[in-house]
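If you're wondering where the values come from, they're calculated on a predicted model, not measured in any experiment.
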Amino acid sequence: MASRSKLSQTQAAWLLLAPFLATYTLFLIYPFFRGVWISLYDWNLLAVAFNPDAKEFVGMRNYERVMWGKDITWSVLNAPVLQTLGLIGVVLSIILSRMGRLSRFNAIALGIGSVLLVILPGFHPAEGGRWYDRRFWPTVGNTLVFVGFTVPGVTISALVLAAALNRETRAMSILRTLFFLSQVLSVTVVTLIWQIMFSPRQGLIANITETFGGTPINWLTDQQFAMAAIVIATVWWSLGIAMILFLAGLQDISKDIYEAAALDNAKGARAFWYITLPNLTRTISVVVILQIILHFQVFGQPHLMTRGGPNDTTQVLVRYIYQTGFRDSELGRASAMAVFLFLIMGSFSIIQFVIGREKD
Amino acid sequence: MKYVLLTAAMAAGVATTAPAQEITLGRFFGACEDAGTDTTKTAGEACIIQSIINAADAELDGISITTLPTDWGNYYDQIKAAYAGGTPPDIHVMHRHRVPEFAGLGAIAEISGDLKAAGIDTSDWAPAALDAVSYNGGIYGVPMDFHANLWHVNMDLMAEAGLVEDGKPVLPTSPAELLAQAQQFKDATGQDYLAADFAQFPIGVRVVLALMWQQDANIFTDDGTATINSAAGQSAVTAITQLFDADLANPQLNYADSQQAFLNGEAGILVNGTWVVDFYTAEAAKEEVGLDNYYVADFPTLFATGATWADSHMWAIPASLDGDGRAAALKVLAFINDHNIDWARTGHMAVRTSVIESEAYQRLPHRDEYTGTAAIARDTPPSKRYGAIQDVLNRELQAIWLTGKEVEAALADAEIEVQDLLDR
């Protein structure tokens, strides 16, 4: 009994933290460094399992084989649209930060993002050269497109829903539950539902199109619609959490502000624009960044709905990592891609961290 | 009360003489909840195989079998992860095309010395079946079937188009004839001549491969040189794309949709495997299904030599399994081998000569309509990268018919990527 009082506060803290730290180290820190280590080896999943000596240290070659190519050059006009956008971004970030319209952090983030947009798309194989892995960068591009459509899609629709459902009536609480319900489904169920929805023969969407005299779209096998189909299913699926976060944010806004605004004749859409949105900026940036980190890891929807097709248009990074590691057994290469994905998500986590501190 | 319990416990101990040997079994083919133990009544791949497994579980003394999840899509990824983690199932199904990969690494057991004791007579296996499970002079599994691409035919539509003679469908013997018959079919019926999954599952790849083999060409040579972008490759692809260009077939249908189109009577021919013969036979018998008069034909020869894509299902056990577990697993293999006739009901071709020659086998529905398939069955040269190579071909062929990529450019890209895979 006496020993209990001898623990200092620090000791007690460590003791209580120990289970978490042990689990965290064992299941996250260790596997992460192990992954980085594997990425430096030519490592066949099955061969190494049967003979631990079957791996070979290759240094950075996996990274080179995945991300680089033969005779790669850089030119400013390789992807004019993206690079011009990047240039505009650079100019904007300089002007806006000079004018004091952007915080220093936002200006730097926009600047770095824009510079990358100028530099990265400029790389291409020269005449006679080629990427060692022709699929990697297009796959990164598909993932960016997916994130680029899904995140605004989820954020805007969740925000609109939250604003509409933020009332204390029974009907609204039932509706809130209904909209949240999709979130609890597993990816298998979600993709099954949407595969049936999108089916050009039995699907609800095809039936509606046919009622109005249109020809049904082959959503999942048409190059132009496959990614859209996956984005739609994902938005429907992941609305719930974003909506709950927005509802929490909405309830933090004092009623007094709305009452004061109403006296100044600011109601409905005007109140939403001038009061709700400015008061929600913090929640919005949290939602956006959480969604970005979450959706970069998309796997199940394209894996189950389109198998990455047609012609790789819905192939995404995690699915490529999975295929490389498990179908092709090339664990070293897959780990190199995983490290790349970690860097992308890590940089967004840093942005979230900084934004979180800035406002405090 | 205490004594009653003790007595009951002792009685239970006496009843179960020895603890049952637990066997875990990995397979695809899909789930079948109540397959029962009667192996002669079930229909469709999933239920037939599950009824055989249930029967083995019930009839083999001291062996209890647990079937692991049966999903198709990620099967090999799961099996590999299980091997890498040191916990493979005690017995699992696989394709012959995976033998080089699994046997080459020493993952699956060489069982030529165990077969006789287990009651499996290898001399009853057709030579091609023995070949399917052999690798570097050893035997690495028990073959269960040959399966191949067939042409499933809607005879009513074909008759309407004037493409039936002596009760058999008139099928093309050249790419030009294919186009002409397809046009004739469309003009007469208004329906698509041909349907298949050209959009997801690699049925389209298998069609193009067959048409390349028919020209005595292949996608890579035995010494590992990719040869896809060739005159033969291009004429194989254009034989198919001419149908899409003339709107006589729809490349955007996936497996389920192409099958539905055929069953609805919206396509004259469906290119699909042997595994659906019993299913389509059953569907055609139903009043509400559009397909009424069903016929199965060998994949037609459009070029010089007959050829159709084929593979084999086989059962293997991990090299790490020994002792009682191995003996029990071999008994299960023998049981499956004994039920080759039941598995053949799916439409697959049997591997045992005694079964193939049996009257029961020859009386199976439509069996006499595709007897030529066994002789023209082909596959690519063995490779440890089979899955990845199929995927490259599937993507580039999809690029041609779904996204309008130039045939030559797509085949050239496919050749570079396959060469990369062969060189790795």
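For a residue to count as touching a neighbouring chain, one of its non-hydrogen atoms must lie under 4.5 Å from one of that chain's; by this rule B:N264 touches chain A with the side chain only. Contact of A:E330 with chain B is made through the side chain alone, with heavy-atom distances under 4.5 Å. If you measure heavy-atom distances from A:R134 to chain B, the contacts under 4.5 Å come from the side chain alone. Residue B:A319 does not touch chain A at all, counting heavy-atom pairs closer than 4.5 Å. Only the side chain of B:D420 comes within less than 4.5 Å of a heavy atom in chain A; its backbone stays farther off. In this structure, no portion of B:Q78 lies under 4.5 Å from any heavy atom of chain A. Proximity to chain B (any heavy atom under 4.5 Å) is shown, for A:T313, by neither the backbone nor the side chain.
Note on A:R135 versus A:D312: salt bridge recorded, some NZ/NE/NH1/NH2 to OD/OE distance being below 4.0 Å.
The greatest number of non-hydrogen atom pairs below 4.5 Å with chain A, out of B:S320, B:A81, B:A410, B:A261, is found for B:A261. Among B:L397, B:D257, B:N254, the residue making the largest number of heavy-atom pairs under 4.5 Å with chain A is B:D257. When each of B:I400, B:I416, B:N74 is scored by its heavy-atom pairs under 4.5 Å with chain A, the top score falls to B:N74. Heavy-atom pairs under 4.5 Å with chain A peak, among B:Q252, B:K384, B:E417, at B:Q252. Of the listed residues B:A388, B:G104, B:G85, B:A199, the one with more heavy-atom pairs under 4.5 angstrom with chain A than any other is B:A388. Between chain A and the residues B:Q260, B:K405, B:Q200, the most heavy-atom pairs under 4.5 angstrom are made by B:Q200.
A donor atom on one side chain and an acceptor atom on the other are not found under 3.5 Å apart for B:N394 and B:Q390. Checking A:T234 against A:T150 by side-chain atom types alone, no donor-acceptor pair falls below 3.5 Å. Defined by atom type and a distance below 3.5 Å, a donor-acceptor pair is missing between the side-chain atoms of A:N311 and A:Q223. Between the side chains of B:H152 and B:N272, not a single donor N or O lies within less than 3.5 Å of an accepting N or O. Side-chain contact, B:Y76 with B:H95: a donor N or O sits under 3.5 Å from an acceptor N or O.
Relative ring orientation between A:W219 and A:F198 is described as tilted, the plane-to-plane angle lying within the 30° to 60° band. Using cut-offs of 30° and 60° on the angle between ring planes, the pair B:W72 and B:F28 is parallel.
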Kindly indicate, with the supporting measurements, whether the criterion ring pair (Phe, Tyr, Trp, His ring centres under 6.0 Å) is fulfilled by B:F262 and B:Y280. CA-CA 10 Å; B:F262 178 68; B:Y280 295 169; 5.8 Å; yes

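A pairwise comparison of heavy atoms in B:E415 and B:T227 identifies OE1-C, 3.7 Å as the closest pair. Residues A:N78 and A:P121 approach most closely at ND2-O, 2.8 Å, considering heavy atoms.
With B:I389 as reference, B:L421 is the one residue of B:V205, B:L421, B:T380 to meet the side chain to side chain contact (heavy atoms under 4.5 Å, CB included) rule.
Remark: B:E408 CD is loosely packed, at most 12 non-hydrogen atoms of other residues, nucleotides or ligands lying under 6.0 Å away. Within a 6.0 Å sphere centred on OH of B:Y255, heavy atoms belonging to other residues, nucleotides or ligands number more than 12.
Listed by sequence position, A:Y322, A:Q323 are the residues of residues 317-325 of chain A in contact with chain B, using a 4.5 angstrom heavy-atom cutoff. Contacts with chain B (heavy atom to heavy atom, under 4.5 Å) involve no residue of residues 137-148 of chain A.
Distance alone, capped at 3.5 Å, is enough to place a donor-acceptor pair between the B:K80 side chain and the A:R327 backbone.
Contact check for B:M94 versus B:I108: side-chain heavy atoms found under the 4.5 Å cut-off.
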